[in-house]
Amino acid sequence: DAPGAPQRDPPTGKGGPPAFPGGARRAESSPGSRQIQLWHFILELLQKEEFRHVIAWQQGEDGEFVIKDPDEVARLWGRRKRKPQMNYDKLSRALRYYYNKRILHKTKGKRFTYKFNFSHLLFLSCPLWDTRSLSGAMGGQGAPPNSPSGPPGA
DNA sequence: ACCGGAAGGT
DNA sequence: ACCTTCCGGT
């Protein structure tokens with residue numbers, strides 16, 4: 001398959017989704033089809049051999065990856081989101097918003113290099129999960145769970 | 001290249 | 001909420 005291929009349009013129900021009373025996670029349109037998030041897409045590319053010339057894990061550093069072809073990653077992302085005017089400048093701004101969310105941070109001094117905070121991602125997915133039990137298991141092809149059903153807590 | 005504020009879109 | 005667009009500053 002092709003991660004750059006756009007997703008099918010989910011049938012929009014009528015009325016639209018009103019704000020949830022609890023302020024908790026409401027479905028964007030329907031429970032199964034939320035919009036793809038950038039960090040999901042990045043992981044999607046990273047887990048496929050066919051894109052190793054475009055983006056790849058940095059050897060030796062846990063969760064660190066390097067964008068080898070920024071223009072191509074931006075093109076694929078724009079294709080997925082149906083934003084043909086996407087470029088690396090805009091994509092990287094979106095990545096920068098992840099800094100405060102503690103999903104990503106920049107590896108300073110290394111060009112086009114960022115690092116996932118897997119511990120934080122796992123914690124968001126499952127707050128009771130003990131990350132110490134799999135500290136060594138994420139070098140290389142770490143495959144984090146696909147359940148970002150985060151408890152807001154706030 | 002990289003940063004982060006500001007406004008806008010869905 | 002999660003980006004997209006734009007842009008002045010480093």
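First the proteins, then the strands, lettered A, B, ... as listed; each starts at 1. Just so it is clear, the model here is predicted, and its values are computed rather than measured.
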Test item: Asn117(A) and Leu104(A) side chains (from C-beta on) under 4.5 Å apart, heavy atoms: no
Rounded to whole Å, the CD1-C1' distance (Ile36(A) to dT4(C)) equals 16 Å
When you measure from the side-chain N and O atoms of Tyr98(A) to the phosphate of dC3(C), is any distance below 4.0 Å, counting only OP1 and OP2? yes
Under-4.0 Å side-chain N/O to phosphate OP1/OP2 contact, Arg96(A) with dG4(B): no
Assess the residue pair Gln85(A) and Lys90(A) against the criterion (side chain to side chain contact (heavy atoms under 4.5 Å, CB included)); give the C-alpha distance rounded to whole Å, side-chain angles, the decisive distance to 0.1 Å, and a yes or no. CA-CA 9 Å; Gln85(A) 308 312 309; Lys90(A) 295 168 189 171; 3.8 Å; yes
Report yes if a side-chain nitrogen or oxygen of Tyr99(A) is closer than 4.0 Å to either non-bridging phosphate oxygen (OP1 or OP2) of dC3(B); otherwise report no. yes
Tell me whether the side-chain N/O atoms of Lys90(A) come closer than 4.0 Å to OP1 or OP2 in dC3(C). no
In whole angstrom, what separates Leu95(A)'s CG from dT4(C)'s C1'? 13 Å
Answer with base, sugar-phosphate or nothing: what part of the nucleic acid does Lys83(A) contact at a heavy-atom distance below 4.0 Å? sugar-phosphate
Ile103(A) atom CD1 is separated from dA1(C) atom P, nearest whole Å, by 13 Å
What is the separation between atom CG on Leu91(A) and atom P on dC3(C), rounded to the nearest whole Å? 10 Å
Is any side-chain nitrogen or oxygen of Gln85(A) closer than 4.0 Å to OP1 or OP2 of dT4(C)? no
Compare the minimum distances between each of dC3(C), dT5(C), dC7(C) and the side chain of Trp39(A), then state the nucleotide with the smallest one. dC3(C)
Between dT4(C) atom P and Asp89(A) atom CG, what is the distance in whole Å? 12 Å
Rounded distance in Å - CG (Asn87(A)) to P (dC6(C)): 9 Å
Would you say the base of dG5(B) and the side-chain of Arg93(A) have a donor-acceptor pair closer than 3.5 Å? yes
Take the protein atom CE of Met86(A) and the nucleotide atom P of dT10(B), then report the distance between them rounded to whole Å. 14 Å
Round to the nearest Å and state the distance from Tyr97(A) atom OH to dT5(C) atom C1'. 10 Å
With ring centroids as reference points, do Phe112(A) and Tyr88(A) lie under 6.0 angstrom apart? yes
Would one find a side-chain N or O of Tyr88(A) under 4.0 angstrom from OP1 or OP2 of dC2(B)? yes
Say whether Ile36(A) and Tyr98(A) are linked into one hydrophobic cluster, either directly or through other cluster members, by side-chain heavy-atom distances under 4.5 angstrom. yes
Just call it for Leu38(A): base, sugar-phosphate, or nothing, with non-hydrogen atoms closer than 4.0 Å on any strand. sugar-phosphate
Just to confirm, is there a sub-4.0 Å distance from OP1 or OP2 of dC2(C) to any side-chain nitrogen or oxygen of Lys101(A)? yes
Applying side chain to side chain contact (heavy atoms under 4.5 Å, CB included) to His120(A) and Lys101(A), what does each step give before you reach the verdict? CA-CA 9 Å; His120(A) 187 66; Lys101(A) 294 184 175 183; 5.9 Å; no
Kindly say if Lys106(A) contacts the phosphate of dC3(B), meaning a side-chain N or O under 4.0 Å from OP1 or OP2. no
